[in-house]
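Take a look at the structure set out below.
As a basis for the values below, the full set of heavy atoms in this structure was taken, side chains included, without hydrogen atoms, waters or symmetry mates.
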Amino acid sequence: MARNAKSSKAKGRRLQNYVRDMLRDIYGQLHEDDIKSQTMGMTGEDIVRSPAAKEVCTFSFECKNVERLQIWRAIEQCEANKPDCSAPAIVFKKNGKQPYVALPFTVFCDMLQHENEERLSEQT
C-alpha cells in the first residue's frame, strides 16, 4: 500500500476511534464490545453497534476525516449502509478543526423538540 493511502486510512481510523470512544463514554451502561470501530476497508457502518447499542443509540455513523468533504457522496454512502430504523449521521473533520456532524434536518428538529419538551417538563 502506498504511503499516502496508509496515512489516509490511519487518519480515518483516528476519527472512527474518537467517535467510538465518545459514544462509549455517553452510553456507559453498555459493554465495551457493544460499540466498535469497523475495520478500515470493510463495507457497512463505520461504527458497529450491537443490538443493545442500537436500542439506545439510533444513529448510523459514517466518519470522514478529509480536507475536502464530498457531502452528497458521504450522505449516499451513509444512507446505503444504515440499517432500517437508524438515522444517518456523518461525522466529519479536517486537520486542525473539531469534528462536526451532519444529520437530516428532520432528525435535528426532533432533537430540538425533545430538548424543549424536557426543559418545559422541568419548569412544571
Side-chain angles (χ1 to χ4, degrees):
M1 188 181 306
R3 174 97 174 115
N4 195 15
K6 270 187 176 180
S7 63
S8 291
K9 285 188 183 286
K11 186 176 176 180
R13 187 171 32 256
R14 279 193 306 274
L15 180 59
Q16 280 186 356
N17 290 343
Y18 174 78
V19 171
R20 177 204 62 206
D21 293 345
M22 292 293 286
L23 293 173
R24 285 177 176 172
D25 286 347
I26 292 166
Y27 300 106
Q29 74 272 28
L30 297 173
H31 297 284
E32 191 171 288
D33 285 348
D34 286 326
I35 300 175
K36 300 186 213 175
S37 294
Q38 180 66 275
T39 305
M40 296 305 292
M42 300 294 290
T43 59
E45 300 174 277
D46 285 345
I47 303 299
V48 180
R49 299 165 296 140
S50 71
K54 288 178 182 178
E55 285 184 27
V56 295
C57 178
T58 59
F59 290 100
S60 175
F61 295 93
E62 183 66 35
C63 300
K64 298 291 182 187
N65 195 351
V66 294
E67 296 307 298
R68 291 184 178 206
L69 178 64
Q70 296 180 13
I71 189 68
W72 293 109
R73 184 176 291 172
I75 290 169
E76 288 171 9
Q77 183 179 6
C78 194
E79 289 280 351
N81 290 336
K82 77 176 183 69
D84 292 340
C85 301
S86 290
I90 302 162
V91 181
F92 60 97
K93 76 174 294 300
K94 67 181 198 173
N95 291 339
K97 302 293 181 183
Q98 69 177 341
Y100 281 82
V101 64
L103 303 168
F105 187 67
T106 54
V107 172
F108 179 70
C109 289
D110 289 345
M111 293 169 69
L112 292 176
Q113 183 175 0
H114 178 75
E115 177 185 49
N116 188 50
E117 288 170 356
E118 290 229 344
R119 188 174 293 123
L120 291 173
S121 70
E122 289 172 0
Q123 292 175 356
T124 56

With E115 via side-chain contact (heavy atoms from CB on, under 4.5 Å) - residues at least two apart: L112, R119

Which residues share a side-chain contact (heavy atoms from CB on, under 4.5 Å) with A80, sequence neighbours left out: none

Exercise: identify the closest heavy-atom pair between S60 and S86: CB-CB, 3.9 Å

Salt bridge (Lys or Arg N to Asp or Glu O under 4.0 Å) pairs, two or more places apart, involving residues 67-86: K11-E67

Closest contact, heavy atoms only, P104 versus P88: CD-O, 3.3 Å

Qualifying residues under side chain to side chain donor-acceptor pair (under 3.5 Å), relative to R20, sequence neighbours excluded: N17

Members sharing Y100's hydrophobic cluster (side chains within less than 4.5 Å): V66, L69, I71, W72, I75, I90, F92

Where at least one partner belongs to residues 85-110, residue pairs that pass salt bridge (Lys or Arg N to Asp or Glu O under 4.0 Å), sequence neighbours excluded: none

Sequence-distant partners of K64, salt bridge (Lys or Arg N to Asp or Glu O under 4.0 Å), two or more places apart: E62

Within residues 42-60 or reaching into it, pairs that qualify as salt bridge (Lys or Arg N to Asp or Glu O under 4.0 Å) - sequence neighbours excluded: E45-R49

Residues that D21 engages under side-chain contact (heavy atoms from CB on, under 4.5 Å), provided they are two or more places apart: R24

Partner residues of E122 under the salt bridge (Lys or Arg N to Asp or Glu O under 4.0 Å) criterion, sequence neighbours left out: none

Residues clustered with V19, ILVMFWY side-chain links under 4.5 angstrom: L15, Y18, M22, L23, I26, Y27, L30, I35, I47, V56, F59, F61, V91, V101, L103, V107, M111

Crowding at CD, E117 (>12 non-hydrogen neighbours, <6.0 Å): yes

With S50 via side-chain contact (heavy atoms from CB on, under 4.5 Å) - residues at least two apart: D34, A52, A53

